[in-house]
Amino acid sequence: MTFNPDTDKRKGIMFGLAYGDALGRPLEFAAAKTIDKLGTPFRKQVGINTLTHGMVTDDTQMSIAVARAIQTPGRPNAAHLTDRLVREFIRWERDPKSHTPGRAPGVTCLSAVRALRAGKHWLIASRTDSKGNGANMRVAPVALRTDWTWGEMGAVAQLQAAITHGHATALAAAHLTAAAVRMLLEGVALPNEQFLDHLIAYAWDQRSRYHLDYLGHLWQSRAFERPRPHMAQPKLPLDWWDDAAGLAPQAKPHRTAVESPEEFIERGWDKVIETLEGILLVTRNQKQDPCIVGGEGWVAEEALAVALHTLLCFKGDPTNALRRAAFTRGDSDSIASITGALCGAAYGLKAFPSHWIANLEYRRELEGLTGKLTAVAR
């Protein structure tokens with residue numbers, strides 16, 4: 001069979017995200033001292049060497065859900081895709097395998113999807129206070145729909161994020177993560193330092209574009225401002241809680257509420273741009289924990305920044321990029337999953353150890369969905 005580099009890259013995206021997820025799973029909540037005691041990550045023992053090593057988390061499971069939702073041929077239809085995404089997310093939450101020990105599904109994803117399951121409209125179910133990395137750890141499959149325009153891809157990337165994570169920064173980070181994967185897949189950019197320039201320029205280009213047909217009046221959502229029946233509560237600005245879902249909310253200095261959908265999405269893009277600029281000129285140190293550079297990755301823009309930094313630290317070496325991304329003091333599985341998608345798009349499946357695939361959970365689903373998404377894209 002003739003080797004097809006485009007097909008290999010597409011497989012690399014889907015399997016790369018799962019490889020990173022599996023490698024990072026055991027270390028997601030490990031303390032920095034514990035990780036340091038494990039020694040260097042750059043050894044053969046750190047790999048998908050057994051079936052136990054190949055167990056994944058909600059990052060891969062929800063990526064599969066997104067892939068299933070977007071496999072219909074033709075131009076994207078907002079209403080149709082919303083229904084399919086909601087249905088697949090509920091299917092994920094209902095699956096007993098999603099709740100087996102070691103999966104650690106995100107609080108925001110669970111609460112939003114359970115509200116969907118109870119019959120609430122997604123604009124009500126969405127956690128508009130959360131910009132957690134659940135918004136972009138599952139978005140990579142959207143980049144495989146290369147038959148869609150870049151605008152359509154961005155709109156769908158934001159929609160799949162918004163159904164659970166309605167914060168403007170979550171939307172922008174999910175969009176830029178999908179764009180980063182597609183740039184590498186199509187050769188628009190290479191995995192070098194100029195890649196960050198491409199992404200920042202793309203972010204500035206998208207900064208004021210609100211996808212009204214897909215997001216509706218999300219920009220006006222104030223679910224968390226509704227007072228309890230027995231007491232009056234002061235209204236808080238849209239971004240009063242900028243932290244990851246599940247942490248105790250803390251009121252921040254007041255910012256005026258947004259006056260337009262453009263202002264809403266601009267705030268999200270501005271935070272993403274600021275975070276990427278923070279890693280633009282830093283030293284690429286393979287031995288250093290990447291979370292020291294880009295943050296711990298619990299929120300969407302940090303997860304993307306840390307993954308990009310790790311990709312650039314290991315040019316031409318995706319296997320060790322995943323090992324380094326997994327051995328972090330932050331949200332290891334999500335950081336490594338996004339890093340894996342980027343590495344797979346840049347170097348293809350062939351660049352990872354060949355024996356990993358046989359030990360990977362959901363390998364048949366990943367193979368089948370890659371084929372379907374590739375077929376409809378052509």
Side-chain angles (χ1 to χ4, degrees), residues 14 17-18 21 25 55-73 76-142 144-145 155-167 170-171 174-175 177-178 211 213-218 221 223-224 244-246 300 333-334 337 361-362 364-366 368-370 372-373 376:
M14 296 295 282
L17 71 86
D21 183 20
R25 179 187 59 80
M55 180 181 174
V56 298
T57 75
D58 61 317
D59 294 47
T60 300
Q61 292 175 327
M62 295 201 78
S63 295
I64 289 172
V66 170
R68 284 173 174 158
I70 64 170
Q71 61 183 319
T72 303
N77 176 278
H80 174 72
L81 276 173
T82 301
D83 289 344
R84 288 187 63 87
L85 284 163
V86 168
R87 187 160 60 249
E88 290 296 340
F89 288 169
I90 292 175
R91 177 181 177 182
W92 161 76
E93 195 276 333
R94 282 177 169 165
D95 187 349
K97 286 186 70 175
S98 299
H99 304 281
T100 52
R103 305 290 188 190
V107 173
T108 296
C109 289
L110 284 176
S111 63
V113 176
R114 284 170 179 167
L116 294 171
R117 187 175 175 180
K120 292 185 178 180
H121 191 279
W122 76 266
L123 284 168
I124 302 300
S126 176
R127 290 288 298 274
T128 57
D129 54 4
S130 177
K131 61 173 186 174
N133 63 36
N136 61 336
M137 54 78 167
R138 65 192 187 213
V139 75
V142 178
L144 273 69
R145 288 303 304 265
V156 175
Q158 291 194 26
L159 173 63
Q160 66 80 35
I163 290 172
T164 54
H165 298 68
H167 195 291
L171 274 58
H175 184 160
T177 302
H211 297 279
D213 290 347
Y214 290 80
L215 303 176
H217 62 270
L218 176 68
S221 294
F224 50 88
D333 62 330
S334 295
S337 184
E361 188 179 17
Y362 292 105
R364 291 184 180 86
E365 288 88 342
L366 294 166
L369 286 166
T370 303
K372 290 179 180 178
L373 293 175
V376 297

Polar side-chain atom of S98 near backbone of W92 as donor-acceptor pair, under 3.5 Å: yes

Side-chain donor/acceptor of R127 to backbone N/O of G166, under 3.5 Å: no

Could you pull out the closest heavy-atom pair between [X] and [Y], with the gap in Å?
| X | Y | value |
| --- | --- | --- |
| H211 | A155 | ND1-CB, 3.5 Å |
| L366 | M14 | CD2-O, 3.9 Å |
| H167 | S130 | CB-O, 3.0 Å |
| A125 | L116 | CB-CD2, 3.7 Å |
| V66 | F89 | CG2-CE2, 3.9 Å |
| A161 | A174 | CB-CB, 3.7 Å |

R68/E365 under side-chain contact (heavy atoms from CB on, under 4.5 Å): CA gap, chis, key distance, verdict: CA-CA 10 Å; R68 284 173 174 158; E365 288 88 342; 4.2 Å; yes

Verdict with reasoning, R145 to L373, per side-chain contact (heavy atoms from CB on, under 4.5 Å): CA-CA 6 Å; R145 288 303 304 265; L373 293 175; 4.0 Å; yes

Test side-chain hydrogen bond (donor to acceptor under 3.5 Å, both in side chains) applied to S334 and N136, D59, D21, D58, the passing residue: D59

Audit row: L159, W122, side-chain contact (heavy atoms from CB on, under 4.5 Å) steps and yes/no: CA-CA 10 Å; L159 173 63; W122 76 266; 4.2 Å; yes

Sidechain N-carboxylate O distance under 4.0 Å for K97, E361: yes

Derivation and outcome, side-chain contact (heavy atoms from CB on, under 4.5 Å), residues L171 and L215: CA-CA 10 Å; L171 274 58; L215 303 176; 3.6 Å; yes

Rounded distance (nearest 0.5 Å) linking atom CG of D333 with atom CG of L17: 11.5 Å

Atom pair CG (L110) and CZ (R117), whose distance is rounded to the nearest 0.5 Å: 11.0 Å

